[in-house]
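Accompanying notes for the structure given below.
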Amino acid sequence: MYRVTSATAADLFDITATRRIERAAAAALPAHTLMQRAGLAVARLAMAVAPHARTVWIACGPGNNGGDGFEAAAQLRQRGFMPVVTFAGDADRLPPDAKASLQRARDAQVIFAQEPPTDYELTIDALLGIGATRPPEGVMVEWLQEMDASGQPVLSVDVPSGLNADTGVLSRRISADARTPRVCLTFLTLKPGLFTANGRDAAGTVWFDDLGCDKHAEPPTARLAGRPKAPRRTHASHKGSYGDVAVIGGAPGMAGAALLAGSAALHAGAGRVFVGLLDPSAAPVDTAQPELMLRDGHTLDLSDMTAVCGCGGGTAIRAALPRVLTTAAALVLDADALNAIAADSALQMQLVSRAQRGQPTVITPHPLEAARLLGYAASDVQADRLAAARQLATRFGVVAVLKGSGTVIAADGDASPVINLTGNAKLATAGTGDVLAGMIGAALAAKQSPFEAACEAVWRHGHVADTWPADAAPLTAGTLARQAPV
Ligand SMILES: NC(=O)C1=CN([C@@H]2O[C@H](COP(=O)(O)OP(=O)(O)OC[C@H]3O[C@@H](n4cnc5c(N)ncnc54)[C@H](OP(=O)(O)O)[C@@H]3O)[C@@H](O)[C@H]2O)[C@@H](O)CC1
Ligand SMILES: [K+]
């Protein structure tokens with residue numbers, strides 16, 4: 001069993017693949033073995049999460065997820081805890097493994113009740129796992145609401161009930177005020193839905209147990225990329241070794257966004273950074289950052305540069321885009337550039353042609369920008385973030401960075417998409433997107449592959465927020481931009 005952190009590199013498998021892995025694992029072992037292992041693992045983690053707990057409320061559902069709960073109840077009872085099981089199902093209709101575990105719980109003198117206990121120190125959510133076919137209903141809804149509001153730790157078995165393990169869509173809202181600590185112990189595979197959309201908030205800290213079945217040849221649905229290698233610079237290098245970045249943006253009144261992206265590119269290690277402003281009356285130098293070379297965004301020669309285009313671009317970016325799309329050696333498209341392209345099929349064709357000419361492009365939309373590019377509603381994008389990122393990558397021949405909780409990075413081609421685990425709500429402030437675009441630009445300029453450049457920059461960007469001290473001043477985009485890569 002191990003805890004998943006932002007440093008973890010691991011494959012993710014959707015429900016269909018997990019089912020195949022589960023069937024093969026079950027066939028290779030005596031009946032009921034996997035559930036006994038799963039229940040014991042739940043009991044062990046429960047004891048670690050709440051060692052002083054006396055009463056543990058275990059809510060069990062009508063399938064094998066409930067079976068894991070019965071098994072955990074038996075194990076906890078044998079270790080002197082007081083598990084109280086509430087069961088939302090019919091004992092006669094339980095699958096065989098769950099039925100066997102129900103009997104083991106009864107034999108261990110576990111208490112069964114109609115209602116949750118009045119006092120308890122830990123809840124185990126074993127209502128629904130990967131077999132959920134619809135949102136929880138009936139008494140399950142009440143019990144889940146009680147867990148969410150209890151303030152006591154919740155340990156979700158396999159997946160939080162009501163969470164779609166493929167997409168991370170949760171059937172209910174968990175209030176940001178809820179102080180309930182959450183852990184999830186997932187079995188056999190790590191599932192993508194635990195790490196994106198609502199998955200992070202619903203699952204909390206994710207633990208993984210392979211139940212002794214680590215051998216299979218199933219191709220991953222997605223990946224956690226883990227911590228990138230620390231950047232190294234050879235002694236005999238010079239500024240040309242790290243490439244030129246040109247930020248194109250900063251329409252009248254919005255120079256700040258372009259300067260932030262420039263600052264981020266500079267501190268992320270770009271050899272030289274030009275900022276091509278779209279404001280004819282812009283100052284010729286940024287005295288706070290004299291390393292940035294301010295130019296006219298409409299005339300800068302981009303043929304040997306990585307352009308970062310869109311930051312603070314406003315509507316002025318539209319006129320600059322045809323030249324940027326056709327000439328930039330490598331390109332990061334953000335914000336207003338993405339909105340302009342979404343609204344203009346000629347620009348979309350120019351974007352697609354870049355891949356055909358071997359000019360790499362990374363796009364960094366948030367869900368609404370992604371929705372505009374795909375012609376969907378933002379809710380459709382959020383309903384399946386992995387699919388949306390893959391569609392963007394395929395349709396435009398780009399690396400797509402779909403921002404949000406559990407940023408998804410997808411490339412056109414066979415590589416599995418990556419879900420990023422760094423970052424937190426400290427990044428929910430103006431300008432952090434400009435900083436990310438600049439960081440990706442620097443990685444591209446240093447000739448990293450576009451997919452790797454995007455994955456690593458996204459990881460580092462979030463890692464700054466993760467390691468920002470809780471008692472420090474708020475993390476502003478300007479400060480974020482000035483952090484050296486780790
Ligand atoms: N098999 C193994 O080897 C191992 C399995 N393991 C464990 O099994 C879990 C998967 O078990 P599972 O397939 O039985 O599905 P599960 O998630 O318990 O739910 C299915 C039941 O819920 C019902 N139901 C569905 N939606 C509902 C709703 N909204 N509201 C109410 N009812 C609803 C559905 O009924 P139906 O849709 O048929 O009406 C069916 O009765 C997996 O997550 C892991 O924890 C581990 O022990 C490792 C070894
Ligand atoms: K569950």
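In what follows, residues are counted from 1 in the order of the sequence shown. First listed ligand is number 1; within each ligand, the first listed atom is number 1.
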**Message:** Donor-acceptor check, side chain of H461 to backbone of T432, threshold 3.5 angstrom: yes or no?
**Reply:** yes
**Message:** What I want to check is whether the side chains of K191 and T18 have a donor and an acceptor closer together than 3.5 Å.
**Reply:** no
**Asked** Counting only heavy atoms not in D119, do more than 12 fall under 6.0 Å of its CG?
**Response** no
**Complete:** The angle formed at the K ion (ligand 2) by O of V157 and OD1 of N65 is about (to 10 degrees) 80°
**Complete:** Protein neighbours of ligand 1 with a heavy atom under 4.0 Å, given by chain and number, are R19, E22, L34, M35, A38, P62, G63, N64, N65, D68, L128, G129, I130, G131, A132, T133, R134, P135, P136, E137, M140, D158, L211
**Asked** Strictly under 3.4 Å, is any N, O or S atom of S161 next to the K ion (ligand 2)?
**Response** yes
**Prompt:** Of all the atoms in V159, is at least one N, O or S atom closer to the K ion (ligand 2) than 3.4 Å?
**Reply:** yes
**Item:** Plane angle bin for F70 and F87 - parallel if under 30°, tilted between 30 and 60°, otherwise perpendicular
**Value:** perpendicular
**3.4 Å cut-off met by an N, O or S atom of A126 to the K ion (ligand 2)** = no
**Message:** With a cut-off of 3.4 Å, does L128 put an N/O/S atom close enough to the K ion (ligand 2)?
**Reply:** yes
**Request:** Return yes when atom CZ of R54 has more than 12 non-hydrogen atoms of other residues, nucleotides or ligands closer than 6.0 Å, and no otherwise.
**Result:** no
**Asked** Does one side chain, of E71 or Q36, offer a donor that lies under 3.5 Å from an acceptor on the other?
**Response** no
**Message:** Taking atom CD as the centre, does E115 end up with more than 12 heavy-atom neighbours from other residues, nucleotides or ligands that are less than 6.0 angstrom away?
**Reply:** no
**Message:** Strictly under 3.4 Å, is the K ion (ligand 2) approached by any N, O or S atom of D125?
**Reply:** yes
**Item:** R44 atom CZ, neighbour heavy-atom count above 12 within 6.0 Å
**Value:** no
**Message:** If we count only N and O atoms by modelled type, under 3.5 Å, do the side chains of Y376 and Q382 hold a donor and an acceptor together?
**Reply:** no
